[in-house]
Amino acid sequence: MIKRLYRCVTLFFTLLSIGACSQVPISPPQTPSALDPHGPAAARLAELWWVMFGFGAAIFLLVIALLFAALLRGRRGTSDTVPDRASLDTGRNWPIWGGIVLPLIVIGIVFGYNIYTLAAVENPFGKPAVKIEVVGRRWWWEVKYPEQSVITANEIHIPVGVPVQIQLQSADVIHSFWVPELHGKMDLIPTRINKIVLQADQTGVYRGECAEFCGLQHAHMGLMVVAEKKADFDNWINAQKQPAVAPTDQIAQQGQQVFMSAGCVFCHTVRGLEDKEIDRSSVDLGPDLTHLDSRLTIAGASLTKNRGNLAGWIVDAQHVKPGSLMPNIYISSEDLQALLAYLETLH
Ligand code: CUA
């Protein structure tokens, strides 16, 4: 009996922790949990979770104990027993104390603690060191550093140990930005701008997810937050600012021509690759690929970035993410290899 109960409790908590994880194949492997905080905001929220869990567990145990007490008392008594006046009064008081006073006290404490936590998370830790704009799109994240003139996708780099402001907007429907180890969820609402302040206490890669159902590929709308030392962050920013270097290798040059002729260039920007004949109005439909090869993942963090996944994504994107704007590209295997060689030059 005890063993079975233990197994049930273990299963319950495993399922509970999975709730904070992603539904997609994770790449690189990670199991982000809101109960494993790596930043001050996430730490406050985890603390709140434990306080609420503590109250919930205490009340659950109290109810079970009272239930057993009532059962045992029922067994001892007989139908002939006539309750005296004092026990009748106690019986009448139970609903008042247990049903009104106790819940009001508990809910009052939890409500107060909630307000305190929200205020602490909302107004955190001084002036942000970096400002980042994130635009939610079906189904990927556009990431801009306006002060540094950097645009990238599905990957946010931040300096460790300092607050970073994230300004959230949506280009289409409601999404929700959630990096469980760093912060709570914040919605991206069309026509509105929401802001949160992220801070990572340790260097590392933290996985984020879209946490609001936004259509067919909602579960494949992930992102990576890379928290790094200030010097590494500065190097990354400087590298991202640069336009793409023209390929010198002959196959990569051929691949660049494929990139232009196969239609990639109509939806994806590669800075430094200018073609005056392109209609630029649709060029931001897909992620900016200027530094694609510097990223950890592709396809809204649903695939690790490597040559095999990139090839699969190019020729059969509709199998990987049915319904996404990325069409299957029909090109010869020779052209595909050349295109991959070109994309690998986009460091
Ligand atoms: Cu975007 Cu769910």
Side-chain angles (χ1 to χ4, degrees), residues 15-34 39 41-42 45 121 132-145 151-158 164-198 205-226 267-269 282-289 292 295-305 309 313 317-327:
L15 290 174
L16 206 65
S17 64
I18 287 171
C21 302
S22 74
Q23 318 87 315
V24 296
I26 289 171
S27 48
Q30 281 193 92
T31 49
S33 166
L45 293 167
V121 168
I132 302 171
E133 291 174 13
V134 172
V135 183
R137 294 173 180 270
R138 281 180 295 176
W139 291 274
W140 58 283
W141 307 87
E142 186 177 12
V143 178
K144 301 177 192 170
Y145 293 72
I151 298 182
T152 181
N154 303 318
E155 196 167 301
I156 298 174
H157 284 239
I158 60 172
V164 172
Q165 188 190 75
I166 312 270
Q167 193 172 296
L168 299 161
Q169 303 173 59
S170 169
D172 36 55
V173 298
I174 299 177
H175 304 273
S176 183
F177 180 89
W178 190 30
V179 186
E181 290 158 302
L182 300 183
H183 208 288
K185 299 168 188 174
M186 179 60 82
D187 279 359
L188 292 81
I189 299 169
T191 74
R192 244 192 93 93
I193 294 176
N194 282 340
K195 291 176 187 167
I196 58 169
V197 176
L198 281 193
V205 179
Y206 304 99
R207 191 182 168 95
E209 289 295 337
C210 178
E212 177 77 40
F213 181 73
C214 55
L216 200 57
Q217 293 301 325
H218 155 70
H220 289 147
M221 188 172 168
L223 78 153
M224 312 304 281
V225 176
V226 181
C267 298
H268 296 285
T269 300
S282 63
V283 170
D284 68 348
L285 282 179
D288 184 306
L289 300 182
L292 170 71
R295 296 177 200 156
L296 298 166
T297 63
I298 56 169
S302 52
L303 297 171
T304 306
K305 191 221 70 210
N309 282 344
W313 176 241
Q318 289 303 309
H319 177 76
V320 181
K321 284 175 80 164
S324 71
L325 286 179
M326 173 78 179

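Atoms within a ligand are numbered from 1 in the order they appear, just like the ligands themselves. Values in this document were obtained by computation on a predicted structure and should not be read as measured data.
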Q: Answer yes or no: is there a side-chain heavy-atom contact under 4.5 Å between Trp139 and Cys210?
A: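 No; the side chains remain at least 4.5 Å from each other.
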Q: State, to 0.1 Å, how close His175 and Arg138 come at their nearest heavy-atom pair, and which atoms those are.
A: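 Between these two residues, the closest heavy atoms are CE1-CG, 4.0 Å.
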Q: How close do Val135 and Ser170 get, heavy atom to heavy atom, and via which atoms?
A: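 Nearest heavy atoms, Val135 then Ser170: CG1-C, 4.3 Å.
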Q: Which protein N, O or S atoms lie under 2.8 Å from atom 2 (Cu) of ligand 1, given by chain and residue number?
A: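 Cys210 SG, Glu212 O, Cys214 SG, His218 ND1, with waters left out.
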Q: Okay, side chain of Arg207, backbone of Ala301: is any donor-acceptor separation there less than 3.5 Å?
A: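 Flag set: sc Arg207 to bb Ala301 pair under 3.5 Å.
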Q: Between Ile158 and Ile132, is any pair of side-chain heavy atoms under 4.5 Å apart?
A: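 Side-chain contact under 4.5 Å: yes.
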Q: Between Leu188 and Trp141, is there a side-chain heavy-atom distance shorter than 4.5 Å?
A: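 Side-chain contact under 4.5 Å: yes.
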